[in-house]
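I have placed the structure first, in the form of structure tokens, so that the comments after it can refer back to it.
Heavy atoms only: backbone and side chains are in, while hydrogens, waters and symmetry mates are out. Order of the sequence lines fixes the chain letters, A, B, ..., with proteins taken first and strands second; residue numbering starts at 1 for each chain.
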Amino acid sequence: MNKLVLVDGNSIAYRAFFALPLLNNDKGVYTNAVYGFTMMLLKIIEEEKPTHMVVAFDAGKTTFRHETYGEYKSGRQKTPGELSEQFPLIRELLDAFQISRYEIENYEADDIIGTLAKQAEKEDWNVSVYSGDKDLLQLVSPKVKVTLSRKGITNVDTYDEQAIADKYGITPLQIIDMKGLMGDSSDNIPGVPGIGEKTALKLLKEYETVENVLESIDKISGKKMKERLEENKEQALMSKKLATIFSDVPIDRSLNSFTFEEYDKEKVVALFKELDFNTLLNKLDVGETEETTLQDEDIEYEVIDEVTEEILQSPSALIVEVISENYHQADVLGFTIVNESGKYFIPTEVASQSDVFMDWAKDSTKKKWLADTKRAVVALGWKDIELNGVAFDILLASYLLNPSSSSYELADVTKERGKQLVEYDETVYGKGAKRKVPEREILEKHLINKAQVVYTLKEDLENELKKNEQFELFSELEMPLALVLAKMEITGVKVDEPQLKAMGQELGEQLALLEKEIHELAGVSFNINSPKQLGEILFEKLNLPPIKKTKTGYSTSADVLEKLQDQHEIIGKILHYRQLGKLNSTYIEGLLKVVHHDTSKIHTIFNQALTQTGRLSSTEPNLQNIPIRLEEGRKIRKAFVASEKDWVIFAADYSQIELRVLAHIAQDQGLITAFKEDMDIHTKTAMDVFHVKEDEVTSNMRRSAKAVNFGIVYGISDYGLSQNLGITRKEAAQFIERYFESFPGVKDYMDRIIEKARENGYVTTLLHRRRYLPEITSRNFNLRSFAERTAMNTPIQGTAADIIKQAMVQLGEQLEEANLNARLLLQVHDELILEVPKDEIETVEKMVKDVMENAIELDVPLKVDSSYGDSWYDAK
DNA sequence: TCCAACACGC
DNA sequence: GACGTACGTGTTGGAG
């Protein structure tokens, strides 16, 4: 049986380009789109084994669709130069593979594909279409399948009629009707305003086609909807026409001439070498037999009912499966192990009663490779099972290799490398309310696959880390840090529940009173928490001037309200109501909800693989944003107390760590001297920027200087600074300029780092953490400016993150070595919170300060302030 | 169930 | 010349 594969060349090239960082070969030619395209081709060839194959391209700027609608595809971003220069390479690549390409004036790739698909269908061939564009789904039939790239490049979904029905509840042909109603912003097809995917599908389920919908407008419920449909009848019909693929393109070749047999290996190898596609080269050699699809029914593994030492070899890939998102006090669904000797599933009951297993888990000489170490260590820690000897972690390795990835799930990590060897958790377990433990055998196979993938990925990832000079960062910093964090999470922070409740009580009363006063001042009762209702009251009923608007109406944000303070008594009360409301809902009620009642402790989860800069984040609850600036909120900290009698809460924070890091990496002599002399850095900045002596610095000057420093640290723009200081953008820009004049070393650094980012496509921190910035070469001003600010900021913020992480690892070791009972509880970006027995305070104070200040040596001193008290509030 | 608006920390 | 401008987490209201 003949098998025709049709590829939408433009669409796949676009996808590849935007999915991958802007790679280039040693000659500086951009190759990311070619690379992604190649991965896709190899995958298609291997999986589809086509007898015939065509890659279709769009030709020229205008098509017959522009005659219908002049605005078709207008407003589209121009193809970036970095991508257009890759198209010739893609053509060259296809020629080397001996794959036909086809384009024809006046028609789009879609139409060519549609025409060929129809022709092949008539001949009873099987057809597979590859694109990134949902429009193509209209071609699906019993003989035609459509595969769409989802995110990334080889991450795909294949659709047959059933799949479309499952996903959209409509037939392939109705895809056109759907587009007619909802439009398509990327092609500038208007559709009917106000109708999105959901509404379109609902209408089509009832009326089948756009035409029927339009004829039945009377029967449709909703006044707005009727009006919209009525007003846009013509537009809907035209949109449908635009979305319809034309299947009668005059193609001057016969279907049979598009055969695909073998590729010209010599040419392909030569081209791959030219493009620096070394990984793909290796693949070609071993290539064809290599397993790149999901392992299925026939995997062989053993279900263990008694653990023996023979199956516990070193190294082993180990999966400790916990499917609930929050892993504290969670169920472990089972263990799988893959090593030299075989593949094993160990049920939780078997493992937990096996001394052999426990000894192996505890034995640090027995090396284990994990998918997510902290998750496993914490889940097991709650069951008093010790896990040592973790030598590799897929999550952390993948994060370091590319912190901007949106997922580090094993399925994605393998897919990114051109293989899919394991199913998505969501597919196996379901999502949301439907998430559940699957049948025993499905679970076993899934977990075996996971362990298998960990076992194979380890080497690849390790090599990539080494190539990037990130292996030390991985093994000496992030890996040990995961264990430190695991301990902190299990330890938890003790909360004085009665105190929180009492504060909640009082807040509730104040809120009720404020609410009453606000309603009286407004003359009507309304929901103060609703920006919509509040906006109407303030700007329509009370006729206050609306200063700012949001997409949906009037802005009622704090900075707007502050400007209206003097104009009405109600404003102050609203601001106060908001402040107290936030405290009550997020911090009192929110925290009480997550207290573990058996111990009165809160156990957060630190996400170690999320931020682009290398900082941690904290969830369920977020303990990194407990109020401090306003006294009323700061009182919340009184409820965070030491967990044992005669212990205290101890806090140590770095003073100006980011600006010190800046002084070091920029080598700005003025800044370095200032820090060496331990000057007040904001005052020093003000002196230099305003050209005044120390005693002439006014509080306003210092405030401005502080805001500029803040801007430098967080990479904000002149606009951001102007908002901060309440000045114009121009004035803000001048401030920044004067700052750069005063600190020429900083200015040089900023220029250099942007240049470097452009050359490499990424920036790094002192410890080689990376962040890729593909948009730094964008012609879109916004994207480019953003990337430039990120380039300046990430090395600063990221190095600061490196430093405190280093301190945490060292502190963890030293506390243990010194046999102290004091323990780390929290990290809040530049500060560490511990709980300490009173008789250890002196020792710990010295140790913490010493470790933090010497975590990494810079050309400026690091300074740490510390304090302690009965609660977090008192540790100030 | 999702998104927008808002507010908290660094 | 306009663009729409640190990040991350959580709550609420409101639309579907």
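As rounded to the nearest Å, B:dA5 and C:dT5 have P atoms that lie 12 Å from one another.
In a base pair of the Watson-Crick type (N1 to N3 plus N6-O4 or O6-N4) or a G-U wobble (N1-O2 and O6-N3), with each distance short of 3.5 Å, B:dT1 is matched with C:dA15. Across every strand in view, C:dT9 sits in a pair with B:dA7 that passes the Watson-Crick or G-U test at under 3.5 angstrom.
Between A:Y587 and the options A:N625, A:L507, A:L500, a side-chain contact (heavy atoms from CB on, under 4.5 Å) holds for only A:N625. The side-chain contact (heavy atoms from CB on, under 4.5 Å) test with A:L575 is passed by exactly one of A:L564, A:L580, A:L561: A:L561.
In this structure, A:R629 does not reach the B:dC8 phosphate: none of its side-chain N or O atoms is under 4.0 Å from OP1 or OP2. Using a 4.0 Å cut-off, no side-chain N or O of A:T550 falls inside it from OP1 or OP2 of B:dA4. At least one side-chain nitrogen or oxygen of A:T552 sits closer than 4.0 Å to the OP1 or OP2 atom of B:dA5. Put simply, A:N527 has a side-chain N or O that comes within less than 4.0 Å of OP1 or OP2 on C:dG13. In this model, the phosphate group of C:dT12 is not approached by any side-chain N or O of A:S530 to a distance below 4.0 Å at OP1 or OP2.
Of all nucleotides listed (C:dG10, B:dC10, C:dA15), B:dC10 comes nearest to the side chain of A:H829. Candidate nucleotides B:dC8, C:dT12, C:dG8 were compared by shortest atom distance to the side chain of A:P627, and B:dC8 ranks first. In this structure, the nucleotide among C:dG8, C:dT11, B:dC6 sitting nearest to the side chain of A:K593 is C:dT11. Ranking C:dT11, C:dT9, B:dC10 by closeness to the A:T586 side chain, first place goes to C:dT11. Here C:dG13 is the nucleotide among C:dC3, B:dG9, C:dG13 with the atom lying nearest to any side-chain atom of A:N529. Comparing C:dT11, B:dA7, C:dA6 by their closest approach to the side chain of A:R578 singles out B:dA7.
Residue-to-nucleotide contacts include a donor-acceptor pair under 3.5 Å from the side chain of A:S717 to the base of C:dT5.
Atom CD of A:E497 is surrounded by more than 12 heavy atoms from other residues, nucleotides or ligands within 6.0 Å. In the displayed structure, A:K549 atom NZ is contacted under 6.0 Å by at most 12 heavy atoms of other residues, nucleotides or ligands. Other residues, nucleotides and ligands place more than 12 heavy atoms under 6.0 Å from the CD atom of A:Q565.
Within residues 607-615 of chain A, the residues approached by DNA chain C to less than 4.0 Å at the level of any non-hydrogen atom are A:L610, A:T611, A:Q612, in residue-number order.
Under 3.5 Å, the side chains of A:Y554 and A:E540 contain a donor-acceptor pair of N or O atoms.
Taking atom CD of residue A:Q533 and atom P of nucleotide B:dA5, one finds them 16 Å apart after rounding to whole Å.
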